[in-house]
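Working notes, structure below.
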Amino acid sequence: GGTTVGKGCKNLTPGELYLGTYDASAKAASYTGMTFASRPSGLAFYYYYCVKNSADYGLVEVSVEDASGNVIASGSKNLSAAADYVLAEVPLEYAAGAAKAARIFVKFKSSGNSSCWAINNDNLSSPSFGNLTSGRFTGSELFVDDIVLKY
């Protein structure tokens, strides 16, 4: 059930893969994106997703900004459980007359449902008993491959 997973797990943070940097002192992601001057029509990738709590889902977010920081195209997609790699796409549409692209932002997250971030047996699998060196608490796992921008 939803009981607490031992005393060994102190923090739970969903795994992320993103364009940006990680601020170790603040212990937070900095979603700075990267300089990018073209306008892709979408993002395509393969993923598989091992969900721990059936209420959970993975998440992908993509946006393109102009030089002033205005979003000129964006898209997101919730990723459902998949036992093998499946193709997913996030389309991007630009309004007529939109400014030139200057930056792109891409973020993948292993858990998009914040109600699944509580430390309990519904959301985490515990390490084997007595494993104090390589043991880990594992929640939903998202694997991505072959990420491409579509034109």
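We number each residue from 1, following the sequence as shown.
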Could you measure the distance from the CG atom of Asp56 to the OG atom of Ser80? Nearest 0.5 Å is fine. 11.5 Å
d(Ile72 CD1, Tyr94 OH) to nearest 0.5 Å is 6.0 Å
Quick check on the hydrophobic clustering: are Leu92 and Val71 connected, directly or via other members, by side-chain heavy-atom contacts under 4.5 Å? no
Value rounded to 0.5 Å, distance of CD in Glu61 from NZ in Lys77: 13.5 Å
Find out if a path of hydrophobic residues (ILVMFWY) with successive side-chain heavy-atom gaps under 4.5 Å connects Leu79 to Tyr85. no
Examine Val86 and Val51 and state if one hydrophobic cluster contains both, with Ile, Leu, Val, Met, Phe, Trp and Tyr joined whenever side-chain heavy atoms are less than 4.5 Å apart. yes
Do other residues, nucleotides or ligands put more than 12 heavy atoms under 6.0 Å from the CD atom of Glu89? yes
Lys150 versus Pro40: any side-chain heavy-atom pair under 4.5 Å? no
Taking all non-hydrogen atoms of both residues, which atom of Ala55 and which atom of Tyr57 are closest, and how far apart? O-CD2, 3.9 Å
Answer yes or no: is there a donor N or O on one side and an acceptor on the other, between the side chain of Ser74 and the main chain of Val62, under 3.5 Å? no
With distance as the sole criterion, is a donor-acceptor pair present between the side chains of Tyr31 and Glu16 under 3.5 Å? yes
Do the ring planes of Phe45 and Phe108 sit parallel (below 30°), tilted (30 to 60°) or perpendicular (above 60°)? perpendicular
Once you round to the nearest 0.5 Å, how far does OG of Ser111 lie from CD of Glu141? 12.0 Å
Less than 4.5 Å apart, side chain to side chain, heavy atoms only: is that true for Ser140 and Tyr49? yes
Looking only at side-chain N and O atoms, does Ser30 offer a donor or acceptor that is under 3.5 Å from a partner on Asp23? no
Taking the side chain as every heavy atom from C-beta outward, state whether Phe143 and Ser110 have any atom pair closer than 4.5 Å. no
Note: Glu93 and Ala73 closest approach over all heavy atoms is O-CB, 3.4 Å
Using the side chain to side chain contact (heavy atoms under 4.5 Å, CB included) rule, take Phe36 and Leu149 through it: C-alpha gap first, then chi angles, then the decisive distance, then the call. CA-CA 12 Å; Phe36 196 76; Leu149 293 171; 3.3 Å; yes
Kindly check if the number of other-residue, nucleotide or ligand heavy atoms within 6.0 Å of OH (Tyr46) is above 12? no
Quick one, Ser38 with Tyr151, criterion side chain to side chain donor-acceptor pair (under 3.5 Å). Give me CA distance, side-chain angles, the key distance, then yes/no. CA-CA 9 Å; Ser38 67; Tyr151 291 90; 2.7 Å; yes
Does one hydrophobic cluster hold both Tyr47 and Tyr18, with members joined at side-chain heavy-atom distances below 4.5 Å? no
Between Arg103 and Glu65, is there a side-chain N and carboxylate O pair less than 4.0 Å apart? no
Are Val144 and Ile104 connected, step by step, through hydrophobic side chains (Ile, Leu, Val, Met, Phe, Trp, Tyr) whose heavy atoms are closer than 4.5 Å? yes
Any idea which heavy atoms bring Gly75 and Val90 closest together, and the distance? C-CG1, 3.4 Å
Does any part of the side chain of Val106, heavy atoms only, come nearer than 4.5 Å to the side chain of Leu43, both counted from C-beta? yes
